[in-house]
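Contents: one structure, followed by commentary.
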Amino acid sequence: DHFETTDSGASSTYPMQCSALRKNGFVMLKSRPCKIVEMSTSKTGKHGHAKVHMVGIDIFSNKKYEDICPSTHNMDVPNVKREDLQLIAISDDSFLTLLNEGGDLREDLKVPDGELGDQLRSDFDSGKDLLCTVLKACGEECVIAIKTNTALDK
């Protein structure tokens with residue numbers, strides 16, 4: 001017998017009833033993974049459905065998205081994975097060399113744009129030992145935060 005190899009079948013999203021979503025949680029708005037920053041529920045109308053109004057910020061591009069959905073309907077929630085990686089180096093073409101807990105090196109993430117990227121470069125250049133927080137969802141990933149690594153301080 002010959003079997004084709006496939007992935008584990010795990011989806012990048014899972015359904016959740018709209019009324020169960022919470023502020024600061026994640027949801028797919030306009031097919032983008034977003035963090036919910038505002039939520040309000042309207043009263044039940046004459047057709048019997050309360051509506052939930054959501055405002056979310058795209059976790060990768062920081063764009064704002066809005067959606068209105070009946071509270072009884074399901075919405076897709078992205079499977080978001082968060083990982084802290086140690087920063088080893090920054091290449092000339094702005095790629096980060098990161099070390100994960102398993103000791104594997106990654107060199108496929110770029111320095112983030114804007115203020116976070118500037119902060120990352122200046123902290124690294126001043127000799128600070130940094131941890132980069134990487135968010136991964138829907139086949140995309142990026143550095144969303146940095147912090148000084150205190151685990152190595154004696």
Side-chain angles (χ1 to χ4, degrees), residues 4-88 90-91 93-102 104-124 128 130-150:
E4 294 294 322
T5 56
T6 62
D7 65 355
S8 64
S11 172
S12 59
T13 63
Y14 59 94
M16 184 184 267
Q17 192 165 327
C18 204
S19 58
L21 295 168
R22 296 286 169 256
K23 191 175 170 182
N24 292 328
F26 297 104
V27 70
M28 296 295 285
L29 296 176
K30 312 277 188 262
S31 300
R32 296 293 303 155
C34 296
K35 182 173 186 169
I36 302 168
V37 291
E38 257 178 67
M39 255 183 112
S40 59
T41 307
S42 67
K43 289 207 172 1
T44 306
K46 66 178 180 183
H47 297 294
H49 288 290
K51 297 240 189 311
V52 178
H53 175 250
M54 270 175 285
V55 179
I57 305 287
D58 188 310
I59 58 179
F60 298 116
S61 70
N62 282 333
K63 278 179 68 179
K64 189 184 227 181
Y65 292 98
E66 289 187 57
D67 203 0
I68 295 175
C69 171
S71 62
T72 55
H73 284 210
N74 281 348
M75 289 196 75
D76 284 331
V77 176
N79 283 313
V80 178
K81 191 171 168 244
R82 185 186 189 109
E83 189 177 20
D84 284 337
L85 303 169
Q86 187 178 351
L87 179 60
I88 305 296
I90 302 174
S91 69
D93 55 355
S94 294
F95 277 94
L96 302 171
T97 301
L98 299 163
L99 183 70
N100 71 11
E101 288 186 5
D104 299 322
L105 284 181
R106 292 196 47 188
E107 298 175 302
D108 57 341
L109 290 173
K110 273 194 160 294
V111 173
D113 295 330
E115 213 173 285
L116 180 63
D118 298 340
Q119 178 78 45
L120 188 144
R121 283 181 195 277
S122 68
D123 284 358
F124 185 74
K128 287 186 183 171
L130 298 175
L131 283 177
C132 295
T133 302
V134 176
L135 268 195
K136 184 176 184 172
C138 303
E140 286 182 67
E141 50 189 333
C142 72
V143 175
I144 56 138
I146 55 168
K147 61 188 174 203
T148 306
N149 188 0
T150 55

Side-chain polar contacts of residues 34-41 - donor-acceptor pairs under 3.5 angstrom, sequence neighbours left out - could you list them?
none

> Where do D84 and K147 land on the salt bridge (Lys or Arg N to Asp or Glu O under 4.0 Å) test, with the steps shown first?
Replying inline: CA-CA 9 Å; D84 284 337; K147 61 188 174 203; 3.0 Å; yes
>> Here's a test for you: under side chain to side chain contact (heavy atoms under 4.5 Å, CB included), which of I59, N79, L21 qualifies with F26?
In response: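 When side chain to side chain contact (heavy atoms under 4.5 Å, CB included) is applied between F26 and each of I59, N79, L21, only I59 qualifies.
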Taking every non-hydrogen atom, the tightest pair across [X] and [Y]:
X: V77; Y: M16; value: CG2-CB, 3.7 Å
X: Q17; Y: T72; value: NE2-CA, 3.6 Å
X: L135; Y: F60; value: O-CE2, 3.6 Å
X: C132; Y: L87; value: SG-CB, 4.2 Å

> Is there any salt bridge (charged side-chain N to carboxylate O under 4.0 Å, His left out) pair reaching into residues 111-124, and which pairs are they, with sequence neighbours excluded?
Replying inline: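 Salt bridge (charged side-chain N to carboxylate O under 4.0 Å, His left out) check on residues 111-124 returns D123-K128.
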Got a second to check how far [X]'s [atom1] is from [Y]'s [atom2], nearest 0.5 Å?
X: L96; Y: Q86; atom1: CG; atom2: CD; result: 13.0 Å
X: S12; Y: M28; atom1: OG; atom2: CE; result: 6.5 Å
X: K30; Y: D58; atom1: NZ; atom2: CG; result: 12.5 Å
X: T133; Y: I146; atom1: OG1; atom2: CD1; result: 9.0 Å
X: I90; Y: T97; atom1: CD1; atom2: OG1; result: 9.0 Å
X: T13; Y: D76; atom1: OG1; atom2: CG; result: 4.0 Å

>> For V143, is there any backbone N or O sitting under 3.5 Å from a side-chain donor or acceptor partner on K110?
In response: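 No; zero donor-acceptor contacts below 3.5 Å.
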Give the table of side-chain donor-acceptor pairs shorter than 3.5 Å for residues 63-70, with sequence neighbours excluded, one pair per line with atom names and distance.
from: E66; atom 1: OE1; to: H53; atom 2: NE2; distance (Å): 2.7

> Would a 4.5 Å heavy-atom cut-off, applied to side chains only, mark M54 and M75 as touching?
Replying inline: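 Side chain of M54 against side chain of M75, heavy atoms only: contact under 4.5 Å found.
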